K.L.:
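My structure is below; once you've seen it, I'll send some questions.
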Amino acid sequence: MAERISLQESLSKILKQRIRETPEYRKHIAKESLEKITRGDFEDFQLFQLQNTLHYVYNKSLFYRELFSKKGIEPGEVQSLADLAKLPLTAPEELAEKPLRFLCVPLGEVSRVITFTSSGTTGPQKRIFFSEKDVEVMTDFMGAGMSVVATSNDVVQIMLPRGPVLGQSDLLARGVEKMGATPVITGTEPTPEEQIQAIERHGSTVVFCETLRFNRITVEAKNNRDLTKMGVKALYLTSNYLSDSMRVNLQSAWNCEVFTHYGLTEMGLGVAVECPAHNGYHFNEADLLAEIIDPETGEVLPDGEEGELVFTTLTREAMPLIRYRTHDISRLSVKPCECGITTLKKLDRTTRRLESAVKIGEGDEIYPAMFDEALYTIPDIVGYEVSIGNDGVKDSLTFQVEIARKGAAVEELVRKVILKIPPVQKNVKMGKMTIPEIQLVTPGSLRKSTRAKKLIKDMR
Ligand SMILES: [Zn+2]
(Lines give C-alpha, C1' and ligand atoms only; values in the text may rest on other atoms or scores of the structure.)
Protein backbone atom coordinates (compact mmCIF):
# COMPACT_ATOMS: atom_id res chain seq x y z
CA MET A 1 0.00 0.00 0.00
CA ALA A 2 1.27 3.46 -0.87
CA GLU A 3 1.30 5.88 2.07
CA ARG A 4 -0.22 9.32 2.05
CA ILE A 5 2.42 12.00 2.53
CA SER A 6 2.05 15.22 4.47
CA LEU A 7 1.94 18.65 2.93
CA GLN A 8 5.23 19.36 4.68
CA GLU A 9 6.89 16.59 2.68
CA SER A 10 5.26 17.50 -0.61
CA LEU A 11 6.01 21.22 -0.20
CA SER A 12 9.59 20.41 0.75
CA LYS A 13 9.77 18.47 -2.50
CA ILE A 14 8.40 21.47 -4.40
CA LEU A 15 10.93 23.74 -2.70
CA LYS A 16 13.77 21.40 -3.66
CA GLN A 17 12.45 21.44 -7.21
CA ARG A 18 12.32 25.28 -7.22
CA ILE A 19 15.92 25.32 -6.00
CA ARG A 20 16.90 22.97 -8.84
CA GLU A 21 15.17 25.33 -11.29
CA THR A 22 16.86 28.45 -9.89
CA PRO A 23 20.62 28.42 -10.52
CA GLU A 24 20.98 31.96 -9.08
CA TYR A 25 19.65 30.72 -5.75
CA ARG A 26 22.00 27.75 -5.73
CA LYS A 27 24.81 30.21 -6.28
CA HIS A 28 23.45 32.46 -3.53
CA ILE A 29 23.47 29.65 -0.95
CA ALA A 30 26.59 28.08 -2.45
CA LYS A 31 24.95 24.66 -2.39
CA GLU A 32 23.61 22.41 -5.10
CA SER A 33 20.67 21.17 -3.05
CA LEU A 34 19.33 21.05 0.50
CA GLU A 35 19.01 17.92 2.60
CA LYS A 36 16.28 18.51 5.10
CA ILE A 37 14.13 21.59 4.54
CA THR A 38 13.73 23.76 7.64
CA ARG A 39 11.57 26.81 8.35
CA GLY A 40 14.70 28.90 7.84
CA ASP A 41 15.19 27.40 4.37
CA PHE A 42 11.65 28.33 3.41
CA GLU A 43 12.10 31.90 4.61
CA ASP A 44 15.52 32.30 3.00
CA PHE A 45 14.17 31.12 -0.34
CA GLN A 46 11.07 33.30 0.05
CA LEU A 47 13.19 36.42 0.60
CA PHE A 48 15.37 35.60 -2.39
CA GLN A 49 12.33 35.07 -4.60
CA LEU A 50 10.59 38.16 -3.22
CA GLN A 51 13.57 40.35 -4.12
CA ASN A 52 13.65 38.81 -7.60
CA THR A 53 9.93 39.31 -8.05
CA LEU A 54 10.15 42.98 -7.04
CA HIS A 55 12.90 43.68 -9.57
CA TYR A 56 10.99 41.69 -12.16
CA VAL A 57 7.67 43.56 -11.77
CA TYR A 58 9.50 46.90 -11.60
CA ASN A 59 11.02 46.15 -15.00
CA LYS A 60 8.12 44.37 -16.65
CA SER A 61 4.76 45.45 -15.22
CA LEU A 62 3.41 48.89 -16.12
CA PHE A 63 1.23 48.85 -13.03
CA TYR A 64 3.97 48.13 -10.51
CA ARG A 65 6.59 50.34 -12.15
CA GLU A 66 4.18 53.27 -11.95
CA LEU A 67 3.04 52.39 -8.43
CA PHE A 68 6.58 52.02 -7.05
CA SER A 69 7.76 55.18 -8.83
CA LYS A 70 4.81 57.18 -7.52
CA LYS A 71 5.55 56.05 -3.96
CA GLY A 72 9.30 56.50 -4.39
CA ILE A 73 10.07 52.84 -3.79
CA GLU A 74 13.13 51.05 -5.13
CA PRO A 75 12.81 47.24 -5.30
CA GLY A 76 16.26 46.99 -3.64
CA GLU A 77 14.87 48.52 -0.44
CA VAL A 78 13.31 45.23 0.60
CA GLN A 79 16.05 43.50 2.59
CA SER A 80 13.95 41.24 4.80
CA LEU A 81 10.52 39.59 4.71
CA ALA A 82 9.36 42.20 7.23
CA ASP A 83 10.30 44.95 4.75
CA LEU A 84 7.45 43.74 2.58
CA ALA A 85 5.19 45.88 4.75
CA LYS A 86 6.84 49.00 3.26
CA LEU A 87 5.24 48.24 -0.12
CA PRO A 88 1.76 49.41 -1.10
CA LEU A 89 -1.15 46.96 -1.22
CA THR A 90 -2.77 45.88 -4.48
CA ALA A 91 -6.57 46.00 -4.54
CA PRO A 92 -8.66 43.48 -6.51
CA GLU A 93 -10.43 46.45 -8.11
CA GLU A 94 -7.14 47.66 -9.60
CA LEU A 95 -6.57 44.23 -11.10
CA ALA A 96 -10.12 44.06 -12.45
CA GLU A 97 -9.88 47.48 -14.02
CA LYS A 98 -6.68 47.14 -16.08
CA PRO A 99 -5.39 43.56 -16.07
CA LEU A 100 -3.02 44.10 -18.99
CA ARG A 101 -1.02 46.63 -16.98
CA PHE A 102 -0.06 43.77 -14.64
CA LEU A 103 1.16 41.54 -17.44
CA CYS A 104 4.93 40.88 -17.44
CA VAL A 105 5.21 38.74 -20.58
CA PRO A 106 4.10 39.32 -24.20
CA LEU A 107 0.51 38.16 -24.80
CA GLY A 108 1.88 35.46 -27.10
CA GLU A 109 3.47 33.77 -24.07
CA VAL A 110 0.20 33.53 -22.17
CA SER A 111 -1.05 29.93 -22.14
CA ARG A 112 -4.18 30.45 -20.12
CA VAL A 113 -6.47 33.34 -19.25
CA ILE A 114 -9.07 32.85 -16.54
CA THR A 115 -11.95 35.32 -16.54
CA PHE A 116 -14.17 35.20 -13.48
CA THR A 117 -16.19 37.02 -10.86
CA SER A 118 -15.28 36.12 -7.29
CA SER A 119 -17.78 33.77 -5.68
CA GLY A 120 -20.26 35.48 -3.41
CA THR A 121 -19.74 38.84 -5.03
CA THR A 122 -21.24 40.86 -7.82
CA GLY A 123 -18.05 42.82 -8.36
CA PRO A 124 -16.39 43.38 -11.72
CA GLN A 125 -14.92 40.49 -13.66
CA LYS A 126 -11.23 39.80 -13.33
CA ARG A 127 -8.85 38.40 -15.91
CA ILE A 128 -5.82 36.49 -14.75
CA PHE A 129 -3.02 35.49 -17.13
CA PHE A 130 -0.83 32.42 -16.74
CA SER A 131 2.25 31.40 -18.73
CA GLU A 132 3.26 27.82 -19.39
CA LYS A 133 5.60 27.98 -16.40
CA ASP A 134 2.78 29.33 -14.23
CA VAL A 135 0.61 26.38 -15.24
CA GLU A 136 3.38 24.02 -14.06
CA VAL A 137 3.59 25.87 -10.73
CA MET A 138 -0.18 25.67 -10.30
CA THR A 139 -0.39 21.98 -11.03
CA ASP A 140 2.66 21.25 -8.81
CA PHE A 141 0.72 22.58 -5.87
CA MET A 142 -2.51 20.86 -6.89
CA GLY A 143 -0.60 17.58 -6.88
CA ALA A 144 0.98 18.41 -3.51
CA GLY A 145 -2.43 19.26 -2.08
CA MET A 146 -3.94 16.06 -3.43
CA SER A 147 -1.18 13.98 -1.84
CA VAL A 148 -2.61 14.93 1.55
CA VAL A 149 -5.71 12.84 0.79
CA ALA A 150 -4.64 10.42 -1.94
CA THR A 151 -1.86 8.03 -2.89
CA SER A 152 -0.79 6.67 -6.26
CA ASN A 153 -3.29 3.81 -5.80
CA ASP A 154 -6.27 6.17 -5.79
CA VAL A 155 -8.78 7.15 -8.44
CA VAL A 156 -9.77 10.78 -8.00
CA GLN A 157 -13.19 11.67 -9.40
CA ILE A 158 -13.41 15.34 -10.34
CA MET A 159 -16.99 16.65 -10.29
CA LEU A 160 -16.20 20.16 -11.50
CA PRO A 161 -17.40 21.73 -14.76
CA ARG A 162 -15.59 19.94 -17.60
CA GLY A 163 -14.34 23.21 -19.10
CA PRO A 164 -11.63 23.69 -21.72
CA VAL A 165 -8.06 22.41 -21.90
CA LEU A 166 -6.25 24.11 -18.99
CA GLY A 167 -9.63 24.76 -17.38
CA GLN A 168 -10.03 24.07 -13.68
CA SER A 169 -10.84 20.36 -14.14
CA ASP A 170 -8.05 19.81 -16.61
CA LEU A 171 -5.49 21.56 -14.37
CA LEU A 172 -6.58 19.54 -11.37
CA ALA A 173 -6.39 16.32 -13.39
CA ARG A 174 -2.81 17.26 -14.35
CA GLY A 175 -2.03 17.86 -10.67
CA VAL A 176 -3.50 14.45 -9.77
CA GLU A 177 -1.37 12.83 -12.47
CA LYS A 178 1.72 14.61 -11.16
CA MET A 179 1.28 12.95 -7.77
CA GLY A 180 0.71 9.58 -9.41
CA ALA A 181 -3.00 8.96 -8.86
CA THR A 182 -5.60 8.52 -11.61
CA PRO A 183 -7.99 11.40 -12.37
CA VAL A 184 -11.50 10.89 -13.79
CA ILE A 185 -13.49 13.99 -14.76
CA THR A 186 -17.25 13.41 -14.58
CA GLY A 187 -18.28 17.08 -14.82
CA THR A 188 -21.34 18.65 -13.27
CA GLU A 189 -24.07 17.58 -15.73
CA PRO A 190 -24.81 14.06 -14.39
CA THR A 191 -27.64 13.62 -11.90
CA PRO A 192 -26.75 12.58 -8.35
CA GLU A 193 -27.57 8.95 -9.22
CA GLU A 194 -25.35 9.09 -12.32
CA GLN A 195 -22.49 10.54 -10.27
CA ILE A 196 -22.86 7.67 -7.79
CA GLN A 197 -22.86 5.16 -10.65
CA ALA A 198 -19.69 6.81 -11.98
CA ILE A 199 -18.03 6.34 -8.59
CA GLU A 200 -18.89 2.61 -8.78
CA ARG A 201 -17.82 2.26 -12.41
CA HIS A 202 -14.44 3.95 -11.98
CA GLY A 203 -13.77 2.65 -8.49
CA SER A 204 -13.24 6.24 -7.36
CA THR A 205 -11.73 6.44 -3.89
CA VAL A 206 -11.42 10.23 -3.65
CA VAL A 207 -14.06 12.71 -4.79
CA PHE A 208 -13.29 16.35 -5.58
CA CYS A 209 -16.38 18.58 -5.79
CA GLU A 210 -17.84 21.95 -4.81
CA THR A 211 -19.09 21.75 -1.24
CA LEU A 212 -22.72 22.71 -1.78
CA ARG A 213 -23.05 20.63 -4.93
CA PHE A 214 -21.69 17.59 -3.15
CA ASN A 215 -23.94 18.08 -0.17
CA ARG A 216 -26.88 18.22 -2.57
CA ILE A 217 -25.76 15.01 -4.29
CA THR A 218 -25.40 13.31 -0.91
CA VAL A 219 -28.79 14.38 0.44
CA GLU A 220 -30.53 13.34 -2.78
CA ALA A 221 -28.72 10.00 -3.13
CA LYS A 222 -28.51 8.72 0.43
CA ASN A 223 -32.15 7.69 0.65
CA ASN A 224 -31.76 5.13 -2.15
CA ARG A 225 -28.19 4.08 -1.56
CA ASP A 226 -25.87 3.01 1.20
CA LEU A 227 -23.10 5.49 0.43
CA THR A 228 -20.86 4.05 3.16
CA LYS A 229 -20.39 0.98 0.92
CA MET A 230 -19.09 2.93 -2.08
CA GLY A 231 -15.42 2.64 -1.10
CA VAL A 232 -14.83 6.38 -1.09
CA LYS A 233 -12.15 7.13 1.49
CA ALA A 234 -11.87 10.90 1.22
CA LEU A 235 -13.94 13.84 0.06
CA TYR A 236 -12.09 16.91 -1.07
CA LEU A 237 -14.43 19.88 -1.10
CA THR A 238 -13.88 23.24 -2.71
CA SER A 239 -15.39 26.67 -3.50
CA ASN A 240 -17.93 27.03 -0.71
CA TYR A 241 -17.61 27.24 3.05
CA LEU A 242 -17.93 23.87 4.78
CA SER A 243 -19.78 24.20 8.07
CA ASP A 244 -19.01 21.84 10.95
CA SER A 245 -22.48 20.33 10.79
CA MET A 246 -22.28 19.69 7.04
CA ARG A 247 -18.88 18.07 7.57
CA VAL A 248 -20.31 15.73 10.18
CA ASN A 249 -23.29 14.86 7.93
CA LEU A 250 -21.03 14.09 4.96
CA GLN A 251 -18.57 12.12 7.07
CA SER A 252 -21.29 9.85 8.37
CA ALA A 253 -23.14 9.54 5.04
CA TRP A 254 -19.94 8.34 3.31
CA ASN A 255 -18.08 6.99 6.31
CA CYS A 256 -14.93 8.78 5.20
CA GLU A 257 -12.68 11.71 5.97
CA VAL A 258 -13.65 15.15 4.64
CA PHE A 259 -11.04 17.73 3.60
CA THR A 260 -11.45 21.23 2.32
CA HIS A 261 -9.09 23.73 0.81
CA TYR A 262 -8.72 27.44 0.26
CA GLY A 263 -8.34 28.59 -3.29
CA LEU A 264 -8.10 31.88 -5.10
CA THR A 265 -7.94 32.17 -8.87
CA GLU A 266 -5.60 35.18 -8.65
CA MET A 267 -3.10 33.06 -6.71
CA GLY A 268 -3.23 30.11 -9.13
CA LEU A 269 -6.44 28.43 -7.90
CA GLY A 270 -4.95 26.20 -5.20
CA VAL A 271 -3.55 28.12 -2.24
CA ALA A 272 -3.96 26.15 0.94
CA VAL A 273 -4.93 22.66 1.99
CA GLU A 274 -6.60 21.41 5.12
CA CYS A 275 -4.37 19.07 7.10
CA PRO A 276 -5.47 15.95 8.99
CA ALA A 277 -5.95 18.10 12.14
CA HIS A 278 -9.00 19.54 10.30
CA ASN A 279 -8.92 22.97 11.90
CA GLY A 280 -7.09 25.09 9.37
CA TYR A 281 -4.88 25.02 6.33
CA HIS A 282 -1.24 24.97 5.42
CA PHE A 283 -0.49 26.96 2.33
CA ASN A 284 1.86 26.96 -0.60
CA GLU A 285 4.82 28.67 1.01
CA ALA A 286 7.11 27.64 -1.84
CA ASP A 287 5.25 29.99 -4.18
CA LEU A 288 3.37 32.45 -1.96
CA LEU A 289 3.93 34.80 0.96
CA ALA A 290 1.00 35.55 3.24
CA GLU A 291 0.33 38.45 5.59
CA ILE A 292 -2.62 39.46 7.75
CA ILE A 293 -3.51 43.13 7.75
CA ASP A 294 -6.00 45.37 9.46
CA PRO A 295 -8.59 45.84 6.68
CA GLU A 296 -9.25 49.43 7.79
CA THR A 297 -5.71 50.77 8.22
CA GLY A 298 -3.75 48.34 6.05
CA GLU A 299 -1.27 47.77 8.89
CA VAL A 300 0.32 44.31 9.25
CA LEU A 301 -1.05 42.45 12.28
CA PRO A 302 1.01 40.11 14.48
CA ASP A 303 0.67 36.34 14.11
CA GLY A 304 -2.48 34.99 15.67
CA GLU A 305 -4.58 38.12 15.12
CA GLU A 306 -7.60 38.12 12.86
CA GLY A 307 -7.57 40.33 9.79
CA GLU A 308 -7.54 40.42 6.02
CA LEU A 309 -5.42 37.89 4.20
CA VAL A 310 -2.89 39.36 1.75
CA PHE A 311 -0.73 37.34 -0.65
CA THR A 312 2.42 38.00 -2.65
CA THR A 313 3.35 35.61 -5.44
CA LEU A 314 6.98 34.45 -5.48
CA THR A 315 7.29 32.39 -8.65
CA ARG A 316 4.66 33.80 -10.99
CA GLU A 317 5.82 34.73 -14.48
CA ALA A 318 2.91 36.22 -16.44
CA MET A 319 1.17 38.19 -13.71
CA PRO A 320 2.94 38.42 -10.36
CA LEU A 321 0.91 40.11 -7.65
CA ILE A 322 2.42 42.06 -4.77
CA ARG A 323 0.54 42.32 -1.47
CA TYR A 324 -2.74 41.43 -3.11
CA ARG A 325 -5.78 41.92 -0.88
CA THR A 326 -8.04 38.87 -0.85
CA HIS A 327 -10.89 40.45 1.15
CA ASP A 328 -10.98 37.19 3.13
CA ILE A 329 -10.76 37.33 6.89
CA SER A 330 -8.41 34.82 8.51
CA ARG A 331 -5.57 34.37 10.97
CA LEU A 332 -1.98 33.09 10.61
CA SER A 333 -0.16 31.02 13.15
CA VAL A 334 3.45 29.89 13.34
CA LYS A 335 2.96 27.39 16.16
CA PRO A 336 3.57 23.71 15.36
CA CYS A 337 0.35 22.10 14.19
CA GLU A 338 -1.36 19.09 15.80
CA CYS A 339 -0.93 17.29 12.47
CA GLY A 340 2.83 17.20 13.12
CA ILE A 341 3.82 19.93 10.67
CA THR A 342 6.49 22.18 12.12
CA THR A 343 7.99 24.02 9.14
CA LEU A 344 4.83 25.59 7.74
CA LYS A 345 2.56 28.36 8.94
CA LYS A 346 -1.09 27.65 9.50
CA LEU A 347 -4.07 29.61 8.19
CA ASP A 348 -7.37 29.65 10.02
CA ARG A 349 -10.46 28.57 8.16
CA THR A 350 -11.72 31.67 6.38
CA THR A 351 -15.25 32.16 7.57
CA ARG A 352 -16.12 35.33 5.79
CA ARG A 353 -15.32 37.54 2.89
CA LEU A 354 -15.48 41.26 3.57
CA GLU A 355 -18.01 41.86 0.81
CA SER A 356 -20.27 38.97 1.77
CA ALA A 357 -20.79 40.35 5.30
CA VAL A 358 -23.89 42.51 5.72
CA LYS A 359 -24.91 44.64 8.69
CA ILE A 360 -28.34 44.27 10.24
CA GLY A 361 -30.30 45.91 13.06
CA GLU A 362 -27.94 47.63 15.48
CA GLY A 363 -25.04 47.27 13.05
CA ASP A 364 -24.32 43.61 13.75
CA GLU A 365 -22.54 41.68 11.03
CA ILE A 366 -24.07 38.60 9.42
CA TYR A 367 -22.39 36.45 6.76
CA PRO A 368 -23.16 33.16 4.99
CA ALA A 369 -20.89 30.91 7.11
CA MET A 370 -22.91 31.93 10.15
CA PHE A 371 -26.14 30.64 8.58
CA ASP A 372 -24.36 27.57 7.17
CA GLU A 373 -23.25 26.58 10.67
CA ALA A 374 -26.79 26.90 12.00
CA LEU A 375 -28.92 25.58 9.16
CA TYR A 376 -26.94 22.51 8.18
CA THR A 377 -27.44 21.12 11.67
CA ILE A 378 -30.94 20.25 10.43
CA PRO A 379 -30.78 16.97 8.52
CA ASP A 380 -31.90 16.98 4.88
CA ILE A 381 -31.44 20.69 4.24
CA VAL A 382 -30.10 20.94 0.70
CA GLY A 383 -29.63 24.68 0.33
CA TYR A 384 -30.91 28.07 1.30
CA GLU A 385 -31.00 31.75 0.39
CA VAL A 386 -31.59 34.74 2.62
CA SER A 387 -32.96 38.11 1.64
CA ILE A 388 -32.84 41.14 3.90
CA GLY A 389 -35.62 43.71 3.78
CA ASN A 390 -36.71 46.70 5.81
CA ASP A 391 -40.27 47.93 6.39
CA GLY A 392 -39.14 51.45 7.23
CA VAL A 393 -38.65 50.65 10.92
CA LYS A 394 -37.27 47.15 11.29
CA ASP A 395 -34.99 44.90 9.26
CA SER A 396 -36.42 41.55 8.23
CA LEU A 397 -34.88 38.26 7.10
CA THR A 398 -36.64 35.92 4.70
CA PHE A 399 -35.17 32.44 4.30
CA GLN A 400 -35.91 30.19 1.36
CA VAL A 401 -34.89 26.75 2.52
CA GLU A 402 -34.64 23.72 0.26
CA ILE A 403 -35.74 20.63 2.12
CA ALA A 404 -37.62 17.45 1.23
CA ARG A 405 -39.67 17.40 4.44
CA LYS A 406 -42.31 20.10 4.63
CA GLY A 407 -44.83 21.22 7.17
CA ALA A 408 -45.30 23.52 10.14
CA ALA A 409 -43.01 21.47 12.40
CA VAL A 410 -40.01 21.77 10.05
CA GLU A 411 -40.71 25.44 9.51
CA GLU A 412 -40.75 26.00 13.26
CA LEU A 413 -37.51 24.05 13.69
CA VAL A 414 -35.78 26.16 11.03
CA ARG A 415 -37.04 29.36 12.67
CA LYS A 416 -35.85 28.19 16.08
CA VAL A 417 -32.36 27.44 14.78
CA ILE A 418 -32.14 30.83 13.05
CA LEU A 419 -33.38 32.69 16.12
CA LYS A 420 -30.48 31.21 18.09
CA ILE A 421 -27.88 32.89 15.85
CA PRO A 422 -26.52 35.64 18.15
CA PRO A 423 -26.97 38.77 15.96
CA VAL A 424 -30.46 37.61 14.96
CA GLN A 425 -31.44 36.76 18.53
CA LYS A 426 -30.13 40.08 19.84
CA ASN A 427 -31.83 42.28 17.26
CA VAL A 428 -35.19 40.47 17.40
CA LYS A 429 -35.12 40.80 21.19
CA MET A 430 -34.31 44.52 20.95
CA GLY A 431 -37.14 45.06 18.48
CA LYS A 432 -34.74 46.08 15.71
CA MET A 433 -35.73 43.12 13.58
CA THR A 434 -38.91 41.17 12.85
CA ILE A 435 -39.19 37.41 13.47
CA PRO A 436 -37.53 35.75 10.43
CA GLU A 437 -39.88 34.45 7.75
CA ILE A 438 -39.30 30.89 6.56
CA GLN A 439 -40.32 29.59 3.15
CA LEU A 440 -39.75 25.88 2.57
CA VAL A 441 -39.11 25.03 -1.07
CA THR A 442 -38.70 21.71 -2.87
CA PRO A 443 -35.11 20.46 -3.36
CA GLY A 444 -33.87 21.56 -6.74
CA SER A 445 -35.67 24.89 -6.86
CA LEU A 446 -32.60 26.88 -5.83
CA ARG A 447 -30.31 24.60 -7.82
CA LYS A 448 -29.66 26.98 -10.70
CA SER A 449 -27.15 28.65 -8.47
CA THR A 450 -23.94 29.79 -10.07
CA ARG A 451 -20.68 30.12 -8.24
CA ALA A 452 -20.99 33.89 -8.27
CA LYS A 453 -24.39 33.86 -6.64
CA LYS A 454 -24.91 35.58 -3.33
CA LEU A 455 -26.36 33.59 -0.46
CA ILE A 456 -27.41 36.77 1.31
CA LYS A 457 -29.32 39.26 -0.79
CA ASP A 458 -29.64 42.74 0.62
CA MET A 459 -32.87 44.20 -0.75
CA ARG A 460 -32.86 47.30 1.47
ZN1 LIG B 1 -1.59 20.82 10.26
Side-chain angles (χ1 to χ4, degrees), residues 2-16 18 36-43 45-46 81 140-151 154 156 172 175-176 179 181 206 208 211 233-244 246-248 250-251 256-264 267-292 301-307 309-311 314 326 328-352 369 373:
E3 292 267 314
R4 284 203 313 220
I5 62 169
S6 77
L7 198 64
Q8 178 161 317
E9 289 170 74
S10 40
L11 272 185
S12 294
K13 262 200 218 162
I14 291 185
L15 191 62
K16 284 182 184 173
R18 298 280 177 270
K36 202 174 167 296
I37 304 276
T38 64
R39 175 83 221 150
D41 294 328
F42 263 103
E43 291 183 359
F45 184 73
Q46 284 169 341
L81 291 177
D140 281 348
F141 184 70
M142 288 179 185
M146 192 52 75
S147 65
V148 175
V149 304
T151 72
D154 284 303
V156 180
L172 182 60
V176 169
M179 54 76 58
V206 174
F208 193 98
T211 309
K233 61 173 204 189
L235 305 175
Y236 203 146
L237 303 177
T238 183
S239 299
N240 325 105
Y241 178 72
L242 174 69
S243 66
D244 288 339
M246 193 184 280
R247 184 194 293 268
V248 169
L250 292 172
Q251 251 161 3
C256 73
E257 216 172 345
V258 181
F259 289 85
T260 172
H261 86 134
Y262 172 77
L264 204 68
M267 293 301 129
L269 299 170
V271 170
V273 179
E274 191 174 85
C275 66
H278 294 295
N279 58 5
Y281 313 101
H282 300 291
F283 65 97
N284 183 3
E285 295 197 58
D287 302 306
L288 297 172
L289 267 183
E291 301 168 274
I292 297 286
L301 296 174
D303 284 322
E305 271 188 44
E306 190 184 77
L309 192 51
V310 168
F311 282 112
L314 295 172
T326 64
D328 280 322
I329 300 295
S330 187
R331 221 188 300 248
L332 263 179
S333 140
V334 286
K335 284 190 235 142
C337 178
E338 303 93 278
C339 75
I341 285 184
T342 50
T343 52
L344 299 174
K345 292 191 177 187
K346 187 170 186 176
L347 258 183
D348 251 13
R349 291 210 287 168
T350 58
T351 48
R352 64 189 205 270
E373 289 294 352

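Bear in mind the structure is a predicted one, so any value in this text is a computation, not a measurement. When a ligand or atom number is given, it counts from 1 through the structure's own listing order.
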K.L.:
Contact between T260 and T238 at the side-chain level, heavy atoms closer than 4.5 Å - yes or no?
P.N.:
no
K.L.:
Does the side chain of V271 come within less than 4.5 Å of F141's, by heavy atoms?
P.N.:
no
K.L.:
Look at the rings of Y236 and H261 and say which category their plane angle falls in: under 30° parallel, 30 to 60° tilted, over 60° perpendicular.
P.N.:
perpendicular
K.L.:
If you define the side chain from C-beta out and look only at heavy atoms, does anything of M179 sit under 4.5 Å from M142?
P.N.:
no
K.L.:
Counting no waters, what protein N/O/S atoms lie under 2.8 Å from the Zn ion (ligand 1)?
P.N.:
C275 SG, H282 NE2, C337 SG, C339 SG
K.L.:
For residues 274-281, which side-chain donor-acceptor pairs fall under 3.5 Å, sequence neighbours excluded?
P.N.:
residue, atom, partner, partner atom, Å
E274, OE1, R247, NH1, 3.0
E274, OE1, H278, ND1, 2.7
E274, OE2, R247, NH2, 2.7
H278, ND1, R247, NH1, 3.4
H278, ND1, V258, O, 3.3
H278, NE2, E257, OE2, 2.9
N279, OD1, K346, NZ, 2.5
N279, ND2, E338, OE2, 2.8

K.L.:
So how far is it from L332 CG to L301 CG, rounded to the nearest 0.5 Å?
P.N.:
10.0 Å
